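Chain letters run A, B, ... following the sequence lines, proteins first, then strands; residues in each count from 1. All figures in this text were calculated on a predicted structure; none of them were measured in a lab.
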There are 2 protein chains.
Amino acid sequence: MDKPITVLLYEDNRDLREGISFLLQATPGIVLAAACPHVNNLKADLAAYTPDVVLTDIGMPGMTGLEALPIIKATNPNIQVLMLTVFDDDERIFQAIRGGASGYLLKNTPPAEIIQAVFDVFRGGSPMTSSVARKVLQHFQQPAKVSSSEQLLSAREQDILKGLMKGYSYKLIADELHISIDTVRTHIRNVYEKLQVNSKTEAILKAMKDGFLG
Amino acid sequence: MDKPITVLLYEDNRDLREGISFLLQATPGIVLAAACPHVNNLKADLAAYTPDVVLTDIGMPGMTGLEALPIIKATNPNIQVLMLTVFDDDERIFQAIRGGASGYLLKNTPPAEIIQAVFDVFRGGSPMTSSVARKVLQHFQQPAKVSSSEQLLSAREQDILKGLMKGYSYKLIADELHISIDTVRTHIRNVYEKLQVNSKTEAILKAMKDGFLG
DNA sequence: CACCAAACCGCATTTTCATGCGATTGTAGG
DNA sequence: CCTACAATCGCATGAAAATGCGGTTTGGTG
C-alpha cells in the first residue's frame with residue numbers, strides 16, 4: 001500500500017458500526033476517517049474527511065444511503081461507494097447500481113471480506129455478494145423465452161424488424177433490402193400481428209424486451 | 001450439505017487442472033465427476049456425469065468454453081456454469097453472461113475462493129472477480145455524460161419522452177398527463193429539436209442509448 | 001400434383017405523426 | 001417592469017404509417 005485508504009462509514013446500528021470501525025482501524029492500509037450513525041451531515045462529512053471510500057448502510061434514519069449516493073458521486077465521482085445492507089431486492093440493488101455504487105454487500109458478509117472489499121473497490125473492483133451478482137447478471141441474460149415459440153418471425157421479417165430498430169423509415173428499409181415499399185408494409189403487417197402490436201414503437205420495444213421472439 | 005455437488009471441470013492447462021481437481025476432491029460436499037483438458041466431448045460428458053456445476057476455462061484447444069456454454073445451457077439450463085479464465089475483456093465477459101454463465105472468475109483467484117464459488121453458484125449466487133463485476137456494473141450506469149449538457153430536457157419534456165418510450169400514442173400521453181394532444185405535440189417538437197432527431201423512433205432510441213440527455 | 005407458407009408486389013383508406021405559425025399563462029431573474 | 005422560458009392550447013398541412021383487400025412466384029411437403 002502506498003497511501004492508506006481513507007474510509008468513511010455510515011451505519012445506524014451501533015454494534016455493527018463499532019464492530020466494523022474496530023476492524024477497519026485495525027487494518028493496515030486503511031484509515032477510518034469517521035463512523036456516523038446517519039448521513040444527514042453528508043456534505044460536511046465529505047468536505048471534512050475527503051474519503052476515498054464510503055461504506056454505507058441503506059436503511060438509516062433520516063436520509064437513506066440510497067439518497068446519499070447521488071450526492072456523494074456529485075461531490076466527487078472518484079469516491080468509491082460500497083453499499084452494506086440487509087436489502088437484496090431488485091429495486092434497491094439497481095437503484096444503487098444506477099446511482100454509481102461500486103459494490104454491494106449483504107450484511108451477512110464475513111468481516112474479513114468486508115475489509116477485503118474496501119481494498120477491492122479502491123483498486124477499481126466491484127465486490128458483490130454473489131446472490132446480488134446473480135440478480136445483476138440475470139438482467140443481461142435473455143428473458144428465458146420459457147413459453148415462447150421458436151422462430152416466431154421468419155428471416156425476412158426479422159430483417160425488417162431490425163430496420164425498424166435502427167430507426168429507419170419504410171422507404172429506407174425498402175432501399176436497404178432492395179424490395180418495394182409495399183413489400184415492407186406487408187412484412188411489417190405480419191410482424192405486428194405476430195408480435196401482437198400495432199405500431200412501430202410497440203414493435204421495437206417488444207423486440208428489445210424479449211429479443212425478437214414473442 | 002444434503003447432497004454433494006457434482007462438478008465437471010474443463011481446463012487445458014495440466015498443472016491448473018490437476019491443482020483444482022485436487023482441491024475439489026479434497027472438499028467435503030463436492031464430488032469431482034471428471035476433469036478434462038478439452039470440451040470436445042461435451043455432450044457425452046454431460047450425459048455421462050450429469051454435473052450440477054461446470055467449471056470451465058475459456059481458452060482451450062478445439063471448442064472454447066464460450067462456445068460450449070450455450071450447448072451446456074441448452075442441454076440442461078439448471079447446470080450452473082462457472083467461467084474460470086485469464087480473459088477480462090468486455091467482449092468475452094459479456095458473451096459469457098449473455099450465454100448464461102453464472103459466475104466469472106479470473107485465474108488469479110485464490111483456490112479457497114474458487115471452492116467457495118462452486119458452493120455459491122450451486123446455491124444460486126453468482127461469484128465474480130470484483131474487477132469483472134465492475135465492468136458489468138458500468139454497463140448499468142449512466143454513460144458518464146462527461147461532456148453532456150445538464151438537464152437538457154425539462155421535467156415535462158421528460159414525462160412526454162417517457163410516454164413515448166412506453167409505446168404510447170400522442171393521445172394516450174395526453175390522457176395520462178391530463179393535457180391536450182396539441183400540448184403533447186408541442187413538447188415532442190421541442191424534445192426532437194433538443195435531441196436532434198425527427199421521429200418517435202429516433203427519439204426513443206436516442207433516449208435509451210444515452211439516458212435522456214443528448 | 002395439390003397445398004401451404006414465405007416473399008414479393010400493388011392500391012386505397014384512415015389514422016397518426018411531423019412541423020410551421022400563433023397565442024396565453026406563470027414564474028424566476030435582472 | 002421587462003425578459004426569458006417552461007407549460008399550456010389551437011389550427012392547418014403534408015408526409016408517414018397502419019390496415020384492408022387483392023394478387024404472383026417459389027420452394028418445400030404430404
>> For nucleotides 11-16 of chain C, give me one character per nucleotide, 5' to 3': B if any protein heavy atom sits under 4.0 Å from the base, S if the only such contacts are to the sugar-phosphate, - if neither.
In response: B-----
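An OP1 or OP2 oxygen of dC8(C) is reached within less than 4.0 angstrom by no side-chain nitrogen or oxygen of Thr183(A). The side chain of Tyr192(B) places an N or O atom within less than 4.0 Å of a non-bridging phosphate oxygen (OP1 or OP2) of dA18(C). A sub-4.0 Å separation between OP1 or OP2 of dA6(D) and a side-chain N or O of His187(B) is absent.
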>> The test is side chain to side chain contact (heavy atoms under 4.5 Å, CB included); show your working for Leu164(B) and Ile173(B) and say whether it passes.
In response: CA-CA 8 Å; Leu164(B) 288 185; Ile173(B) 295 173; 3.8 Å; yes
>> Go through it in stages, so that I can follow the logic: the residues are Phe119(A) and Ile5(A), the test is side chain to side chain contact (heavy atoms under 4.5 Å, CB included), and I'd like the CA-CA distance, side-chain angles, deciding distance and then a yes or no.
In response: CA-CA 8 Å; Phe119(A) 285 109; Ile5(A) 305 171; 3.5 Å; yes
>> Between Thr56(B) and Leu9(B), is the side chain to side chain contact (heavy atoms under 4.5 Å, CB included) condition met? List the steps.
In response: CA-CA 6 Å; Thr56(B) 180; Leu9(B) 170 66; over 6 Å; no
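Between the side chains of Thr183(A) and Thr186(A), not a single donor N or O lies within less than 3.5 Å of an accepting N or O. In this structure, a donor-acceptor pair under 3.5 Å is absent between the side chains of Arg123(B) and Gln80(B).
Of all non-hydrogen atoms in Arg17(A) and Asp12(A), the two that sit nearest each other are NH1-O, 3.4 Å. Contact detail for Ile204(B) and Thr201(A): the closest heavy-atom pair is CD1-CG2, 2.8 Å.
Here dA16(D) presents its P atom at 12 Å from CG of Asp175(A), a figure rounded to the nearest Å. Rounded to an integer number of Å, the gap from CG of Asn198(B) to P of dC17(C) is 15 Å. Separating the CD atom of Gln196(A) from the C1' atom of dT19(D) is a distance of 15 Å, rounded to the nearest angstrom. What separates CG of Leu177(B) from P of dA6(D) is a distance of 17 Å, to the nearest Å. Atom CD of Glu193(A) is separated from atom P of dA5(C) by 13 Å (rounded to the nearest Å). Here dC5(D) presents its P atom at 13 Å from CD of Glu157(B), a figure rounded to the nearest Å. Rounding to whole angstrom units, CD1 of residue Ile188(A) and C1' of dC8(C) are separated by 15 Å. Rounded to a whole Å, the CG atom of Asn190(A) is 12 Å from the P atom of dG20(D).
Between its two ends, the helix from dC1(C)-dG30(D) to dG30(C)-dC1(D) turns its axis by 40°, counting five pairs per end and rounding to 10 degrees.
Each of Val121(B), Leu82(B), Asp45(B), Ile79(B) was scored for a side-chain contact (heavy atoms from CB on, under 4.5 Å) with Val54(B), with one residue passing: Ile79(B).
Taking the charged nitrogens against the carboxylate oxygens, Lys206(A) and Glu202(A) have no contact shorter than 4.0 Å, which rules out a salt bridge.
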Under 3.5 Å, N/O pairs linking protein and nucleotides 25-30 of chain D:
none

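Legend: residues meeting side-chain hydrogen bond (donor to acceptor under 3.5 Å, both in side chains) with Lys43(A), ordered by chain and number and at least two apart, are absent.
Residue pairs satisfying the ring-ring contact (aromatic ring centres under 6.0 Å, His included) criterion with at least one member in residues 72-96 of chain B, sequence neighbours excluded, are listed as follows: Phe140(A)-Phe94(B), Phe94(B)-His139(B). Every pair passing salt bridge (Lys or Arg N to Asp or Glu O under 4.0 Å) that includes a residue from residues 55-68 of chain B is listed here, sequence neighbours excluded: Asp57(B)-Lys107(B).
Considering only side-chain atoms of Ala155(A), the nucleotide from dA6(D), dT8(D), dA7(C) that sits closest is dA7(C). Among dT8(D), dA7(C), dC9(C), the nucleotide with an atom closest to any side-chain atom of Ile179(B) is dT8(D).
Nearer to the 5' terminus of DNA chain D, by closest-nucleotide assignment, is the contact made by Tyr168(A) (compared with the other of Thr186(A) and Tyr168(A)).
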